There are 2 protein chains.
Amino acid sequence: MPTSPSNISKAPKTLNDLKARIADEHQSLSKRLQQVARYFLDNPKDIAFGTVAVISKDAGVHPSTLVRFANAFGYSGFSEMQRIFQQHLLHESPSYKDRISMVRETFGEDDGSSVRLLEQFASANSATLDHLVGELDYSALEKAEGLLQQANHIFIMGVRRTFVVASYLVYALRHADRRATLIDSVGGMTMEQAGNMRHDDVMIAVSFHPYAEETQRVAQQALDAGVPLILLTDSELSPLAARASAKIIVREAEVHGIRSLSSSLCVAQALSVSLATKNK
Amino acid sequence: MPTSPSNISKAPKTLNDLKARIADEHQSLSKRLQQVARYFLDNPKDIAFGTVAVISKDAGVHPSTLVRFANAFGYSGFSEMQRIFQQHLLHESPSYKDRISMVRETFGEDDGSSVRLLEQFASANSATLDHLVGELDYSALEKAEGLLQQANHIFIMGVRRTFVVASYLVYALRHADRRATLIDSVGGMTMEQAGNMRHDDVMIAVSFHPYAEETQRVAQQALDAGVPLILLTDSELSPLAARASAKIIVREAEVHGIRSLSSSLCVAQALSVSLATKNK
DNA sequence: TGCTTTTTGGAATAAATTTTCCGCGATTGG
DNA sequence: CCAATCGCGGAAAATTTATTCCAAAAAGCA
């Protein structure tokens, strides 16, 4: 006879299910177990991190009571139950990592068919966008917006993979009535274009791994000229991160070794429309 | 001599301070420690919950390296450092849903706020991607794939809003080892570039409302030269639709008068990866 | 190249945490 | 009021987890 006889049903796998079960069975529990139940419902976060020792002390019960509590709900022990609380904190919304990895499993082995691939990319990109909202550093976004607001002229650079983002930014910022120049390398005049920057301008560099050297060089030149740098990148460890006035870090989905740009473009959209509405 | 000699300064007490320190000293660390640093910055949540064993496995280093890493930043051990990550999750960031509403309060509800806009764009784009899977005409996609498969050279054109998609296609197709040329208008030589097309080539035109005239003219020229046309557009009534060999129709989200490109780019991804896998 | 210093990974150690076991005490039903 | 049952807490055992130590490898330097 492993646990409580009334609970033959399996242990809940999500925090919401578990909470519901706890609430349901609350009155059928013993006094101490009710005490634990209340504490669990009221302090889910402490459960997620705490050890049996501290939780039991905080809840005013004996350590073994916690184990009994977990057993009463079908778990093998406290640790297994705790994992539910942790996972909830870990990926709150319709989990991101799970969704991405599910993409691979659900759609099975790649037959190379473009249909399959489209499904995979679509759901991966969609998941990333959902996550973007929760992960982005909004103060950085607002900082960038402020800088752009005051800029006399905006210079934008991104090469290879990020060229798309850079060119979209130019397009969108011009629609927001900002003066924007894309530093492309047409005619090999990269540095000449970059040389035009003045201290009341702003530069936006879009630089993802492996951090193209051209962009770094131009950004460095901008910094030397006293031009504030807005960096749109994929990591805090991006080479220019230390010197940027505002660094916006976005995580992009990767499927089949190809990284998307959905999130970056989304940020670009938000930024430029925001500026558009602030035009007087 | 307890730890690294260069770090006499005290261990950071908040996650932001710690992250900053890690970013700062990243390049002065040893190879393995850099590896850890990157993992820490990229996966803070996993650090908060994981045990030394699983984290070190995920980060691809030896358990003792994690302890050394913590020591290098002035902590007595990994656990002490981990507590920083936990505390951040504990109160700094309440939870995604809470965070979003908190962000709203902090930055206001007004539609001009870039935060609010980001939310709107992200959810609109995400929703569009989810719909894409159900709405796309897959036979058109496969037709396009077949054409590209056999093409000697691929010419791609898109201007203004669709320039982004066109340039992404070029980038991606080249990565799939296809010969691809973007018909831009550098030097005003649009028609000269287009004049290169031969009957065994293929042209991709990306043309959304209001259907730029330049693209139509070039596509017409391609058709006249017997070049099959793949059309990526937003409506069956697109001017070139009637004459295209394959027409892929995607619907894009619109927020605040700005149309996205997520779906188009997603199609472009699928198409090019599909081609890449079929290279022999 | 040969030597010194630093870094790394393996194994052993130490610490902590969780779980089990068992007897005591309270509660309930006869 | 007594007996059976259930719940509880104390303490030890078992397991997991973090840390230290040391030798080998790598990197830097002369």
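Residue numbering restarts at 1 for every chain, and letters A, B, ... go by the order of the sequence lines. The model shown is predicted, which means the values in this text are computed figures rather than measured ones.
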Could you tell me whether S64(B) contacts a base, only the sugar-phosphate backbone, or nothing, with contacts defined as non-hydrogen atoms closer than 4.0 Å?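 Touches a base.
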
Among the nucleotides [options], which one has an atom lying closest to any side-chain atom of [X]?
| X | options | answer |
| --- | --- | --- |
| S79(B) | dG9(D), dG7(D), dT19(D) | dT19(D) |
| V52(B) | dT19(C), dC21(D), dA18(D) | dA18(D) |
| T51(B) | dG9(C), dT19(C), dA18(D) | dA18(D) |

I need the [atom1]-[atom2] distance between [X] and [N], as an integer number of Å.
| X | N | atom1 | atom2 | result |
| --- | --- | --- | --- | --- |
| R68(B) | dT20(D) | CZ | P | 11 Å |
| Q34(B) | dT7(C) | CD | C1' | 13 Å |
| F49(A) | dT17(D) | CZ | P | 17 Å |
| L66(B) | dT7(C) | CG | C1' | 15 Å |
| E80(B) | dA15(C) | CD | C1' | 16 Å |
| Q82(A) | dT19(C) | CD | C1' | 14 Å |

Heavy atoms from other residues, nucleotides or ligands near NE2 of H209(A) exceed 12 (cutoff 6.0 Å):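 Atom NE2 in H209(A) is not packed in, count stays at 12 or less.
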
Would you say CD of Q27(B) has more than 12 non-hydrogen atoms from neighbouring residues, nucleotides or ligands within 6.0 angstrom?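 12 or below, so no.
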
Should the pair F85(B) and F40(B) be assigned to parallel (<30°), tilted (30 to 60°) or perpendicular (>60°) ring geometry?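 Ring orientation, 0 to 90° scale: perpendicular.
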
Any donor-acceptor pair under 3.5 Å linking the side-chain atoms of R83(A) with those of Q86(A)?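 No, R83(A) and Q86(A) have no side-chain donor paired with an acceptor closer than 3.5 Å.
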
Polar side-chain contact R32(A)-dG9(D) base: donor and acceptor under 3.5 Å: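 Check fails, no donor-acceptor contact within cut-off.
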
D130(A) CG to N125(B) CG distance, which is reported to the nearest 0.5 Å: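 These two atoms lie 10.5 Å from each other.
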
Is any side-chain nitrogen or oxygen of S30(B) closer than 4.0 Å to OP1 or OP2 of dT6(C)?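 For dT6(C), OP1/OP2 do not have a side-chain N/O of S30(B) under 4.0 Å.
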
For K31(A) and for V54(A), find the nucleotide of DNA chain C with the closest heavy atom, then tell me which residue's nucleotide is more 5'.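 Nearest-nucleotide comparison on DNA chain C picks V54(A).
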
Want to settle it: does L29(B) or H62(B) sit nearer the 5' end of DNA chain C, counting the closest nucleotide to each?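 Residue closer to the 5' terminus by nearest nucleotide: L29(B).
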
